[in-house]
Amino acid sequence: GQHLIDKIRALHGGSGMSWRAWVSLIIGGLIYLEASKHLVRWTQMERPMPFMGIIPEGAQQIVHDLGWAAVFLLVAVLVLRLNALGKTIGIIASLVMIASAWISWDLLPGAIERQTIARRAAQGLAVRADEIAFMQALVPILLIVGPVVMIALFLMSYSDRPDDRRDYL
């Protein structure tokens, strides 16, 4: 962390950290946590979420989860190193997630039901009343809003590009 802060201060002329630098730290950390979840969850339960209109099963789901984990790790490392390529890959990945949710919209209710049941079974708990309906209403919205928010954060984040060294607020 100190290396990143020192690099930001050097790029910023030795003065304190800008709000854009803090955005970079926050999104880099959040994306790293998401990558960690993808690296672990495939071992805990089946996660049958659709991707581009198909629901990967078995080994395909594992490859899908590990592939996204690799993308998220790459983006997190690049963003935390203030590399502009991290912002670009992050925005592209977010757009792919939005497109996938849009294309898979009709498959989401069944997949969310299966995932909710699988998650509760992995936890050793029963599905609560109306939990599936609640998740079916919430998750599709989050699959669109989450990546849109990430794109906005990527656009506000800091990188090593000269035009990113100014603050706009």
Side-chain angles (χ1 to χ4, degrees), residues 18-120 122 130-161 163-164 168-169:
S18 69
W19 67 271
R20 296 179 77 209
W22 285 109
V23 170
S24 298
L25 287 170
I26 291 167
I27 65 172
L30 289 174
I31 295 168
Y32 180 81
L33 290 173
E34 187 65 24
S36 301
K37 288 191 311 187
H38 276 273
L39 285 172
V40 173
R41 282 201 178 150
W42 70 270
T43 64
Q44 297 173 333
M45 64 181 177
E46 184 180 344
R47 293 172 18 95
M49 287 304 286
F51 180 71
M52 295 296 179
I54 61 168
I55 298 178
E57 299 288 341
Q60 291 175 333
Q61 184 66 47
I62 294 168
V63 170
H64 177 262
D65 277 353
L66 293 179
W68 275 108
V71 169
F72 291 145
L73 279 174
L74 175 65
V75 170
V77 167
L78 291 173
V79 167
L80 289 172
R81 293 187 72 193
L82 304 179
N83 188 314
L85 185 59
K87 291 171 70 165
T88 303
I89 296 171
I91 289 169
I92 291 169
S94 296
L95 291 171
V96 168
M97 288 187 278
I98 292 168
S100 178
W102 185 266
I103 292 167
S104 304
W105 199 260
D106 292 337
L107 298 173
L108 289 174
I112 293 167
E113 180 179 0
R114 287 177 51 196
Q115 185 172 14
T116 303
I117 292 167
R119 184 176 56 253
R120 285 300 188 178
D130 297 326
E131 181 176 8
I132 291 173
F134 174 77
M135 295 302 285
Q136 287 172 329
L138 178 66
V139 171
I141 294 167
L142 293 178
L143 290 175
I144 301 294
V145 172
V148 168
V149 169
M150 288 307 296
I151 289 170
L153 290 174
F154 280 122
L155 293 173
M156 291 188 294
S157 70
Y158 203 79
S159 77
D160 55 0
R161 291 182 47 207
D163 59 334
D164 267 357
Y168 297 104
L169 291 181

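If you're wondering where the values come from, they're calculated on a predicted model, not measured in any experiment.
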Distance, nearest 0.5 Å, that separates [atom1] of [X] from [atom2] of [Y]:
{"X": "S36", "Y": "L73", "atom1": "OG", "atom2": "CG", "result": "6.5 Å"}
{"X": "K37", "Y": "Y32", "atom1": "NZ", "atom2": "OH", "result": "14.0 Å"}
{"X": "I89", "Y": "L74", "atom1": "CD1", "atom2": "CG", "result": "4.5 Å"}
{"X": "Q115", "Y": "I55", "atom1": "CD", "atom2": "CD1", "result": "10.5 Å"}
{"X": "I27", "Y": "K87", "atom1": "CD1", "atom2": "NZ", "result": "8.0 Å"}
{"X": "W105", "Y": "L143", "atom1": "CH2", "atom2": "CG", "result": "7.5 Å"}

Mind listing the closest non-hydrogen atom pair of [X] and [Y] along with its distance?
{"X": "P109", "Y": "D106", "result": "CD-O, 3.6 Å"}
{"X": "P50", "Y": "L108", "result": "CG-CD2, 3.7 Å"}
{"X": "L78", "Y": "G86", "result": "CB-CA, 3.5 Å"}

Let me see the working for V139 and T116 under side-chain contact (heavy atoms from CB on, under 4.5 Å), right down to the final yes or no.
-> CA-CA 11 Å; V139 171; T116 303; over 6 Å; no
Sequence neighbours excluded, every pair satisfying side chain to side chain donor-acceptor pair (under 3.5 Å) that has a member inside residues 71-80 = none
Residue pairs passing the side chain to side chain donor-acceptor pair (under 3.5 Å) test where at least one lies in residues 68-80, sequence neighbours excluded = H64-W68
Flag side-chain contact, heavy atom, 4.5 Å: L85 against V75 | no
Student check: side-chain heavy atoms of R119 and R114 closer than 4.5 Å | no
Sequence neighbours excluded and cut-off under 3.5 Å, please list the side-chain donor-acceptor pairs for residues 91-103, or say none.
| unit_1 | atom_1 | unit_2 | atom_2 | d |
| --- | --- | --- | --- | --- |
| S94 | OG | G90 | O | 2.9 |
| S100 | OG | M52 | N | 2.8 |

From CA spacing to verdict: side-chain contact (heavy atoms from CB on, under 4.5 Å), M150, E34 = CA-CA 12 Å; M150 288 307 296; E34 187 65 24; over 6 Å; no
Go through the steps to decide whether V79 and F154 satisfy the test side-chain contact (heavy atoms from CB on, under 4.5 Å), and finish with yes or no.
-> CA-CA 9 Å; V79 167; F154 280 122; 3.8 Å; yes
Salt bridge between E113 and R120, side-chain N to carboxylate O under 4.0 Å?
-> no
Checking side-chain contact (heavy atoms from CB on, under 4.5 Å) for the pair I117/I132: CA distance, chi angles, key distance, verdict?
-> CA-CA 8 Å; I117 292 167; I132 291 173; 4.0 Å; yes
